[in-house]
Amino acid sequence: MSDRYEPRRIEIGWNEKWNQADLFRVVEDKSKPKYYLLEMFPYPSGRIHMGHVRVYTIGDVVARFKRMRGFNVLHPMGWDAFGMPAENAAQAAKVHPAKWTYSNIEAMKAQLKKIGYSYDWQRELATCDPRYYKWEQLVFLKLLKKGQAYRKKSQVNYCPDCETVLANEQVEQGACWRCGQEVVQKEQWGWFLKITDYADELLEWTEKLDWPERVLTMQRNWIGKSHGAAIKFPIVDPPQGFEDKVEVFTTRPDTVYGATFMSLAAEHPLALALAKKNGREAQVAEFQSRVAKQNVNERIAEGFVKEGVFTGGYCTNPMTNEKIPVYAANFVLLEYGTGAVMAVPGHDQRDYDFAVKYELPIVEVVRPDKEENRITNTGEAYTGPGVLVNSGPFDGLDFETAKIKIAEHFAERDLGGPTISYRLRDWGISRQRYWGAPIPVIHCPKCGVVPVPESDLPLVLPENVEITGIGGSPLAQVEEFVKVTCPSCGGPARRETDTMDTFVESSWYFDRYACPDQDGAMFDERVDHWMPVDQYIGGIEHAILHLLYARYWTKVLRDLGYIKADEPFMRLLTQGMVLRNLWECPTHGPLRGDKIVPAGPGQTPRCKHCDSPLTATGPKEKMSKSKGNTLDPEELVDLYGADTVRIFYLFAAPPEKEMDWSDEGIQGAQRFLSRVWRLAAENLEDLKATPDSWDSGLLQGRLKDLYRKLNQTIKKVTDEIEERWHFNTAVAAIMELVNEAYLTLADEKAKADPLFWPLLRKVVDKLLLLLSPMVPHIADELHTMLGGGGFLLEQPWPGYDPEATQADEIVIVLQVNGKVRAQALVPADIAEEELEKLALENDRIKKFKGDKPIKKLVVVPGRLVNVVV
RNA sequence: GCCGGGAUGGUGGAAUUGGUAGACACAAGGGACUUAAAAUCCCUUGGGACUUUGUCCCGUGCGGGUUCGAUCCCCGCUCCCGGCACCA
């Protein structure tokens, strides 16, 4: 026992005790309601960072709270273990990715344990384990069978120097992030999953999920459903091997009479075919190769010029029967719609600009009112609502009605009809990487693509691979992996050397936590016991990719009969980032990370050039090594203790908001815990000596106030955690209670009351229960010092006496014309008439009212009286 | 451009159903204790004015509105953050 609060001493002890007691182990228990709480699992980079501490602390409070509330809580942890950094480390440090990954896992697991998180480590999993990725290889085979996994050629970012495909995130200003070489677009074969089959269901469920609105909006935009019409334009003298019509997608079928030319995507095969036929091959081919070099970044950059080239071909506007020229244009995307656009320069700004540039006719077909031709009046396309003109039998129709009528008209003529288009593309899962799950197929020169037999799974990643970072897929270098016999014909064949996108692993790990020890099947009955996740917590940066893929994969598993859940995560909390100031040297100005000599927490970093202590400078930014504003959480824990770090995070900001790191703030957190410690430790003998049973009804004066504060605090903290997820205000409420307890302790008269020590004991006991989900080490320590047994986590969450939260007397605000002019202390159960009388007799109210007549008297019981004159 | 979110003291933030704006902290200033420091405790702290210890005025990005009463609801703006973007 010690009088001083020494966090690390007690924290190490309690960690051991919890582990020995297997306190965080959870087994399925049908007698209690289940609660599945999950935080996004980390990539095992080697050390946890501040963002991890924030999200896992929030999760741990909820997990512990729900458990005390009587739920059977599943709170697992694992490792998103495949990915690029392991391959980079292999290159740089000549260590095998597996070895690097597993040693990082050990290090990070120790760090997480050090902070006291209540994970059931029996359920730990790592996605690079063949016992894990075996099952997603199986799902891939099932999808292949159903036709929902397929192979196609598509455009990818490619670095010619490194001979590798780059993700969009690895392209920096059009150049390779590694070697700086200009990135080109290249056609390449790859495996795709038909997520577009689920576009509508994914969209519909966004209406039913309890998720932050902005995440749902992002997903809706990403899916990008738009209603319109497909319209087939007959081609005049079609080239050989092509259909005699070209289909376009439009959201404005009402403007079809105004289509005066057609734009094809530059890469559209029809464009070159038409050009060949009409002697314009050279011009179109030149244009195509120029557009091919323009990468995605360039295309969205400002000042990007719309341009095109005439193919020499024509098609027919199916309504006006006029011959309209066909252009290839750089702003038409092959991947969206049909890669062909009917151009209506009168009512689309891009088409208008294009028509002006190439001197093509502009026809008005929608007019806002009877007189005005808005197009000639303004010199730009008119895209607003209106009535049809120059549209034959459809003249005079409202444009919304015309959209429907004209789309139906095309359906009747078998030239298209109403249709829907999506922005969502199928999910390309092929990666030319080593450290990922192998895609289980074999390429046979005779039989084509042959699935690896299910009985051969897992298809294990070979270990003896040299990782150079260049030369395409590392697996292609491993002869004993590549050379196989075809399972179908027995002839020589080659194994697929692509591995799966690591987003596949993170799309179902939460299912596997239900039964990670099940080796005979992907899942057993436990998966439907636990799924779906009741509450998911993670960073906003995963708003689209991970959260969309996980939703998709859940529906895939459901339709394959593996699970029952429709959606993986019923509720989602996206926690804000942790920000910190940058550093500035008095002589050298603002510094980047590599010019800073780092210092431990609470100490000032120094300038690498002149060794001057640095000063903080704004604005605050996300922590990163290159900015030099990182902090190592473990150093903080060593210095201040895990409990201090935990409560600081909870108190500094509500969870969904960005959080400014403050070096001073954490000392305030420690000061508070120290006050809690002293409240119990300095009064230990008196608190231990109190009788168990006493009558709270006998409390008077200050003691009664403290008892009321206690009950109010329990109510407040419960509501804040359970309903609002605002841990900062929960902590604030507990601070108020501690302050009140100290004030009562300082009051000699109150202290002399025989009920003082029994009351204070009750306050301290409840206080420790309220604090235990947030700061579990100090809470268990003080609980034990006071003679309590067991662990607070196994005790029920405290209840409160609703009657005791009510004050006998309340302050009523007295207003004249809505301005506060006086206050009155009145009995809580005062009658309205009494209040009115009291207000009108108040001197100050009389003064401000003057002799003006009373127009109205507003009485809000328990709050205020407003005299309106 | 479209979609979403936001703006409150020196700082982080609070105000839960339209009812005392600034809880709880941090920082700052003053004081007590101490040989001193640390630690701890107490006081002050939105701005302004005055007949200066208690009273008045102003104040939640800006301008209007609804209401007895608006940080909260409505209309019109400004700025900031995030996402998407020649999506036909």
Side-chain angles (χ1 to χ4, degrees), chain A residues 4 212-222 224-226 228-229 248-252 255 259 262-263 265 299-300 304-306 329-333 335-344 347-351 353-354 421-424 540-541 543-544 577 618-620 648 651-654 656-669 671-672 674-675 678 716 719-720 723-724 726 728-739 742 746 811-823 844 854-869:
Chain A
R4 277 202 52 184
E213 196 51 42
R214 60 173 173 154
V215 177
L216 294 173
T217 307
M218 281 189 229
Q219 293 218 343
R220 287 180 199 127
N221 289 345
W222 190 263
K225 182 177 184 173
S226 63
V248 302
F249 172 75
T250 178
T251 55
R252 293 294 303 274
T255 63
M262 175 166 296
S263 305
R299 280 193 160 207
I300 61 171
F304 184 78
V305 190
K306 290 178 193 52
N330 64 347
F331 63 88
V332 179
L333 307 173
E335 314 90 64
Y336 183 74
T338 61
V341 183
M342 70 172 201
V344 185
H347 304 281
D348 180 284
Q349 193 57 44
R350 286 164 315 187
D351 295 343
D353 296 342
F354 198 85
S421 190
Y422 297 90
R423 210 187 77 88
L424 184 68
I540 187 76
E541 65 272 21
I544 295 171
M577 290 188 303
K620 308 218 170 184
F648 172 72
F651 182 60
E656 67 279 7
K657 281 200 69 161
E658 288 182 339
M659 193 195 107
D660 289 349
W661 178 260
S662 142
D663 292 307
E664 293 85 24
I666 193 160
Q667 287 165 37
R671 201 173 301 147
F672 167 66
S674 183
R675 267 165 75 79
R678 293 198 316 271
K716 169 106 179 157
D719 291 349
E720 293 291 319
E723 310 288 336
R724 303 211 311 151
H726 279 188
N728 55 330
T729 47
V731 175
I734 296 173
M735 286 175 170
E736 283 186 57
L737 177 64
V738 172
N739 289 346
Y742 266 100
V811 175
I812 293 288
V813 172
L814 307 179
Q815 299 179 326
V816 178
N817 287 345
K819 282 188 191 280
V820 180
R821 296 301 183 184
Q823 299 183 343
R844 285 184 46 84
I854 295 171
K855 277 204 332 222
K856 196 170 174 185
L857 203 59
V858 182
V859 180
V860 184
R863 294 251 183 216
L864 54 78
V865 181
N866 188 7
V867 183
V868 186
V869 296

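So you know, we letter chains A, B, ... as the sequences are listed, proteins then strands, and number each from 1.
When distances are taken from the side chain of R844(A) to each of rA88(B), rC3(B), rU55(B), the shortest belongs to rU55(B). When distances are taken from the side chain of D660(A) to each of rA88(B), rG69(B), rG12(B), the shortest belongs to rG12(B). Taking every side-chain heavy atom of M735(A) into account, rC24(B) is the closest of rC87(B), rC24(B), rC41(B). Checking rA88(B), rC84(B), rC57(B) against the side-chain heavy atoms of R821(A) singles out rC57(B) as nearest. Ranking rC58(B), rG82(B), rA88(B) by closeness to the K819(A) side chain, first place goes to rC58(B). If you check rC26(B), rA14(B), rG82(B) against the side chain of E664(A), the one that comes closest is rC26(B). Taking only side-chain atoms of P654(A), from C-beta outward, the nucleotide of rC58(B), rG12(B), rA14(B) with the closest atom is rA14(B). Closest to the T729(A) side chain, of the nucleotides rC24(B), rA15(B), rG83(B), is rA15(B). Listed nucleotides rC68(B), rU20(B), rG12(B) differ in distance to F651(A); the shortest reach to its side chain belongs to rG12(B).
Figure legend. rG59(B) is base-paired to no nucleotide; pairs are counted as Watson-Crick or G-U wobble with both atom distances under 3.5 Å. Pairing partner, rG1(B): rC84(B), with both Watson-Crick or wobble hydrogen-bond distances short of 3.5 Å. Here rU16(B) sits opposite no nucleotide as a Watson-Crick or G-U wobble pair (both hydrogen-bonding atom distances under 3.5 Å). With both pairing distances under 3.5 Å, rC79(B) is matched to rG6(B) as a Watson-Crick or G-U wobble pair. In this structure, rG29(B) forms a base pair with rC43(B), meeting either the Watson-Crick or the G-U wobble geometry with both donor-acceptor distances under 3.5 Å. Base pairing annotation: rG22(B) forms no Watson-Crick or G-U wobble pair, as no partner gives both donor-acceptor distances under 3.5 Å. Using Watson-Crick or G-U wobble geometry with both donor-acceptor distances under 3.5 Å, rC73(B) finds its partner in rG65(B).
One interatomic measurement links the two molecules: CZ of R678(A) to C1' of rU40(B), which rounds to 6 Å at whole-angstrom precision. One atom, CZ of R4(A), and another, P of rA38(B), lie 15 Å apart when rounded to the nearest Å. Atoms CZ (R214(A)) and P (rG6(B)) sit 10 Å apart, rounded to a whole Å. rA27(B) atom P lies 7 Å from atom CD of Q667(A), rounded to whole Å. As rounded to whole Å, 9 Å separates atom P of rA88(B) from atom CG of D348(A). Distance CG (N817(A)) to P (rU67(B)): 15 Å, rounded to an integer number of Å. What separates CD of E541(A) from P of rG82(B) is a distance of 13 Å, to the nearest Å. Nucleotide rG19(B) holds its C1' atom 5 Å from the CG atom of L864(A), rounded to whole Å.
Between the base of rC68(B) and the side chain of N866(A) there is a donor-acceptor pair shorter than 3.5 Å.
One finds the CD1 atom of I812(A) at 7.5 Å from the CG atom of L864(A) (value rounded to the nearest 0.5 Å).
Between R220(A) and rG4(B) there is no side-chain polar atom (N or O) within less than 4.0 angstrom of OP1 or OP2. Between N739(A) and rA25(B) there is a side-chain N or O to OP1 or OP2 distance below 4.0 Å. Taking side-chain N and O atoms only, R423(A) has no distance below 4.0 Å to OP1 or OP2 of rA88(B). Put simply, K657(A) has a side-chain N or O that comes within less than 4.0 Å of OP1 or OP2 on rG13(B). At the phosphate of rA14(B), OP1 or OP2 sits under 4.0 Å from a side-chain N or O atom of N728(A).
If K716(A) and R252(A) are placed on RNA chain B by their nearest nucleotide, the residue sitting closer to the 5' end is K716(A). Comparing Y422(A) and G665(A), the nucleotide of RNA chain B nearest to each residue sits closer to the 5' end for G665(A).
Within 4.0 Å (heavy atoms only), D351(A) reaches no atom of the nucleic acid at all. V820(A) comes within contact range of the sugar-phosphate backbone alone, with a heavy-atom separation under 4.0 Å but no base atom that close. R350(A) comes within 4.0 angstrom of a nucleotide base, judged by non-hydrogen atoms across all strands. R863(A) comes within contact range of the sugar-phosphate backbone alone, with a heavy-atom separation under 4.0 Å but no base atom that close. The residue Q823(A) sits close to a base: some heavy atom pair falls under 4.0 Å. Counting non-hydrogen atoms under 4.0 angstrom, E335(A) reaches nothing in the nucleic acid. Counting any heavy atom pair closer than 4.0 Å across all strands shown, E720(A) reaches a base atom. Across all strands shown, G224(A) has no heavy atoms under 4.0 Å from either base or sugar-phosphate atoms. In this structure, V341(A) reaches the bases: a heavy-atom distance under 4.0 Å links it to at least one base atom across the strands shown.
Taking the six-membered ring wherever Trp is involved, the centroid distance between the rings of F331(A) and F354(A) falls below 6.0 Å.
Considering every non-hydrogen atom in both V332(A) and S263(A), the closest pair reads CG2-CB, 3.7 Å. Between H347(A) and R252(A), the shortest heavy-atom distance links the atoms O-NH1, 4.5 Å.
Here the side chain of R844(A) pairs a donor or acceptor atom with the backbone of R821(A) at under 3.5 angstrom.
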